[in-house]
Amino acid sequence: METLLNLIDGELRPAVSGAWLDVYAPATGKAFGRIPDSDERDVDLAVKAAQQAFPAWNALGREGRSKVMLRLAELIEADMDGFVEDESRDNGKPLSLARRVDIPRAVANLRFFATAIIHFPSEAHLMDDVAVNYTDRQPFGVAGCISPWNLPLYLFTWKIAPALASGNCVVAKPSEVTPLTAYRMSALCQAAGMPPGVLNIVHGLGPKVGAAITSHPGVPAISFTGGTRTGAEIARVAAPMFKKLSLELGGKNPVLVFADCDFEEMLRTTVRSSFTNQGQICLCGSRILVERSIFERFRTAFVDRVKALRVGDPRSPESDLGAVVSEAHMQKVLEHIRIAREEGAQVLCGGNRIMMEGPLKDGWFIAPTVIEGLGPQCRTNQEEIFGPVVTIQPFETETEAIALANATPYGLASVIWTRDVQRSHRVARALQAGIVWVNCWMVRDLRTPFGGVKQSGVGREGGMDALRFFTEAKNVCIKL
Ligand code: NAD
């Protein structure tokens with residue numbers, strides 16, 4: 001069993017309680033390590049360490065902080081194989097995906113914000129001969145960052161990097177389901193030259209550690225990514241304390257396929273946008289809406305491609321999909337498939353757990369699943385499943401496609417497939433979503449605003465939006 005520790009005030013240490021929680025490998029279903037079962041006492045120590053470290057970290061200036069973060073990025077990159085292995089083992093995702101996406105993106109997040117801060121401008125507003133205003137953006141001290149299990153280090157660094165670059169110190173909580181790479185990174189902080197207390201990582205359960213960060217009076221801002229219900233709970237606690245909140249929540253993303261699209265390109269990408277990371281990406285398309293005239297052709301071709309996907313050992317380069325993240329999550333996804341059947345769905349492929357052999361016999365694998373025959377208002381098309389499950393629905397007109405796309409409480413991402421430029425603008429404007437991709441999926445420029453509308457979240461991350469979130473704007477007006 002590997003023992004993971006908290007990083008508090010530059011020291012790796014167990015929880016004050018002395019208690020531990022097991023960490024499981026989804027592909028084998030076996031525990032391989034343990035994390036500290038921390039509580040509000042550990043969070044309090046972390047907040048105090050962060051408060052103490054703040055003046056010196058801020059005084060280091062943009063360039064000084066940038067250098068430390070760039071060194072950390074370099075150290076992660078130098079240990080790429082170790083990080084990739086850990087991410088795959090902890091999450092169940094294919095090793096190839098962790099190598100192609102997760103860890104390079106974590107490195108890119110650190111580099112992006114380490115350099116963005118150097119170019120972060122302040123605005124000035126001149127009032128003819130009366131006065132000049134300038135905006136002074138200062139860090140507020142301690143930022144709370146809480147992240148989920150689906151893209152563990154990728155989303156963890158997406159939060160801590162802008163917080164640190166802005167001059168704040170951080171108390172962060174990775175998901176208890178996938179703590180391994182955050183721990184691996186914590187072991188590199190000292191070598192990167194990160195002063196003690198600047199980045200604190202407290203492991204443990206959401207309702208204990210996450211709740212303690214949310215309610216701590218010494219943490220004036222919370223950046224959270226996770227489920228909508230958890231986001232609502234965080235808002236309930238944090239709003240009366242007047243904390244700044246950035247909430248990146250769930251989704252039920254539509255993919256709109258018009259008959260004039262590049263069919264081959266659409267098909268290839270739609271298989272990816274449905275099942276990458278076992279469908280456990282907040283940006284995955286889970287409701288595929290297809291123009292009636294190509295519906296039959298799409299269904300046959302799509303189901304053929306999905307049946308050809310290989311589910312297997314995350315370590316094998318042959319595997320397109322690995323295991324889903326936990327036994328509880330597997331049960332949740334299977335329950336949704338059961339509900340879909342109860343609602344009258346035809347399951348065109350998948351729909352079941354896959355039992356492997358040998359060391360993977362207890363692993364949590366689900367066959368990629370395509371569902372047809374359900375209307376927009378049923379639970380299957382309304383609730384986030386967050387697994388390898390998609391529905392397909394036909395539409396007749398552009399107006400109907402937009403209405404179907406917008407017919408959920410969520411509004412994170414959406415995809416449009418068409419070769420008609422005017423339609424792409426028209427539909428993009430009409431979609432209730434924070435992110436619209438046209439003829440592509442998950443093409444990411446880190447400068448763009450990232451976030452959702454409706455129950456998919458509040459606020460935007462990415463680029464200057466993130467740096468603005470992690471600073472307070474003060475207007476200084478000087479009479480000329
Ligand atoms: P989750 O909400 O269960 O947990 C997320 C984090 O919050 C974890 O670290 C957890 O320990 C913590 N937490 C749980 N209860 C808490 C509480 N009461 N107070 C404070 N923190 C608490 O989500 P998950 O299951 O880890 O992740 C899956 C969800 O995340 C999906 O809904 C998915 O759509 C969403 N997600 C959204 C985005 C986005 O950018 N919008 C990205 C990735 C994942």
Side-chain angles (χ1 to χ4, degrees), residues 21 23 35 37-40 43 90-91 93 101-102 105 109 144-160 171-179 182 201-216 219 222-238 243 245-253 276-286 324-326 328-330 332-333 336 383-387 408-414 433-435 442 444 448-462 465-466:
L21 298 164
V23 185
I35 55 167
D37 181 6
S38 314
D39 59 30
E40 71 283 356
V43 170
D90 206 14
N91 174 278
K93 68 180 70 209
V101 176
D102 291 75
R105 175 58 195 277
N109 288 339
C145 297
I146 304 175
S147 56
W149 48 255
N150 63 323
L151 301 166
L153 194 65
Y154 172 137
L155 289 173
F156 189 75
T157 49
W158 182 234
K159 297 191 172 301
I160 65 164
V171 177
K173 186 195 123 36
S175 170
E176 62 275 26
V177 184
T178 53
I201 302 178
V202 186
H203 293 280
L205 298 171
K208 275 159 94 171
V209 177
I213 295 173
T214 307
S215 62
H216 200 295
V219 183
I222 306 286
S223 174
F224 169 79
T225 298
T228 294
R229 200 174 305 160
T230 315
E233 168 62 14
I234 288 174
R236 189 188 65 75
V237 175
K243 295 194 178 201
L245 277 181
S246 172
L247 302 174
E248 298 294 336
L249 311 177
K252 191 75 183 169
N253 306 319
T276 301
N277 205 36
Q278 297 72 248
Q280 302 165 134
I281 301 183
C282 55
L283 305 168
C284 277
S286 56
V324 299
V325 78
S326 66
H329 191 59
M330 176 184 71
K332 179 194 142 184
V333 174
H336 273 286
E383 297 175 12
E384 184 183 46
I385 300 175
F386 213 57
T408 77
Y410 295 105
L412 186 55
S414 51
I435 299 156
M442 217 159 148
R444 291 280 294 118
T448 58
F450 181 95
V453 300
K454 303 199 284 188
Q455 290 188 19
S456 288
V458 178
R460 292 292 179 274
E461 296 185 335
D465 285 292

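When a residue number appears, it is its place in the shown sequence, counting from 1. Predicted model, so just to flag it, every value in this text is computed and none were measured. First listed ligand is number 1; within each ligand, the first listed atom is number 1.
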**Message:** Below 4.0 angstrom, counting only protein heavy atoms, does anything approach atom 11 (O) of ligand 1?
**Reply:** yes
Using distance alone, determine whether [X] and ligand 1 share an N or O pair under 3.5 Å.
X    : result
K173 : yes
W149 : yes
E176 : yes
E384 : yes
E233 : no
F224 : no

Can you tell me which residue and heavy atom of the protein come closest to [atom], and the distance to 0.1 Å?
atom                    : answer
atom 28 (C) of ligand 1 : F386 CE2, 3.7 Å
atom 41 (N) of ligand 1 : L249 O, 2.7 Å
atom 42 (C) of ligand 1 : C282 SG, 2.8 Å
atom 2 (O) of ligand 1  : T230 OG1, 2.6 Å
atom 27 (O) of ligand 1 : P148 CB, 3.3 Å
atom 17 (C) of ligand 1 : G206 O, 3.6 Å
atom 35 (C) of ligand 1 : G226 O, 3.2 Å

**Prompt:** Any chance the side chains of T225 and K159 put a donor and an acceptor closer than 3.5 Å?
**Reply:** yes
**Asked** So is A211 close enough to ligand 1, meaning a heavy atom under 4.0 angstrom away?
**Response** yes
**Asked** Do any heavy atoms of S147 fall under 4.0 Å from ligand 1?
**Response** yes
**Asked** Using a heavy-atom cut-off of under 4.0 Å, does the side chain or the backbone of I146 touch ligand 1, or both, or neither?
**Response** side chain
**Item:** Side chain, backbone, both or neither: I234 near ligand 1, heavy atoms under 4.0 Å
**Value:** side chain
Atoms in ligand 1 flagged as close to [X], the criterion being non-hydrogen separation under 4.0 Å:
X    : value
G210 : 19 (N), 20 (C), 21 (N)
G227 : 1 (P), 2 (O), 23 (O), 29 (C), 30 (O), 32 (O)
N150 : 43 (C), 44 (C)
S175 : 9 (O)
F450 : 40 (O)
L155 : 42 (C), 43 (C)

**Prompt:** What's the verdict on side chain to side chain contact (heavy atoms under 4.5 Å, CB included) for H216 and V219, showing C-alpha distance, side-chain angles and the deciding distance?
**Reply:** CA-CA 6 Å; H216 200 295; V219 183; 4.0 Å; yes
**Request:** Could you please spell out the steps behind the side chain to side chain contact (heavy atoms under 4.5 Å, CB included) verdict for I213 and I222?
**Result:** CA-CA 8 Å; I213 295 173; I222 306 286; 4.0 Å; yes
**Message:** Around atom CZ of R229, are there more than 12 heavy atoms from other residues, nucleotides or ligands closer than 6.0 Å?
**Reply:** no
I'd like to know if the side chain of [X] reaches the main chain of [Y], judged simply by a donor and an acceptor atom lying under 3.5 Å from each other, with no hydrogens or angles considered.
X    : Y    : answer
T178 : P152 : no
K454 : L412 : no
K93  : Q280 : no
T228 : Q455 : yes
N109 : Y154 : yes
N91  : W149 : yes
K252 : E383 : yes

**Message:** Would N253 and S414 count as a side chain to side chain contact (heavy atoms under 4.5 Å, CB included) here? Give the steps.
**Reply:** CA-CA 5 Å; N253 306 319; S414 51; 5.8 Å; no
**Asked** Quick one: are M330 and V325 in side-chain contact, heavy atoms under 4.5 Å?
**Response** no
**Item:** Residue pair S223 / E461, side-chain heavy-atom distance below 4.5 Å
**Value:** yes
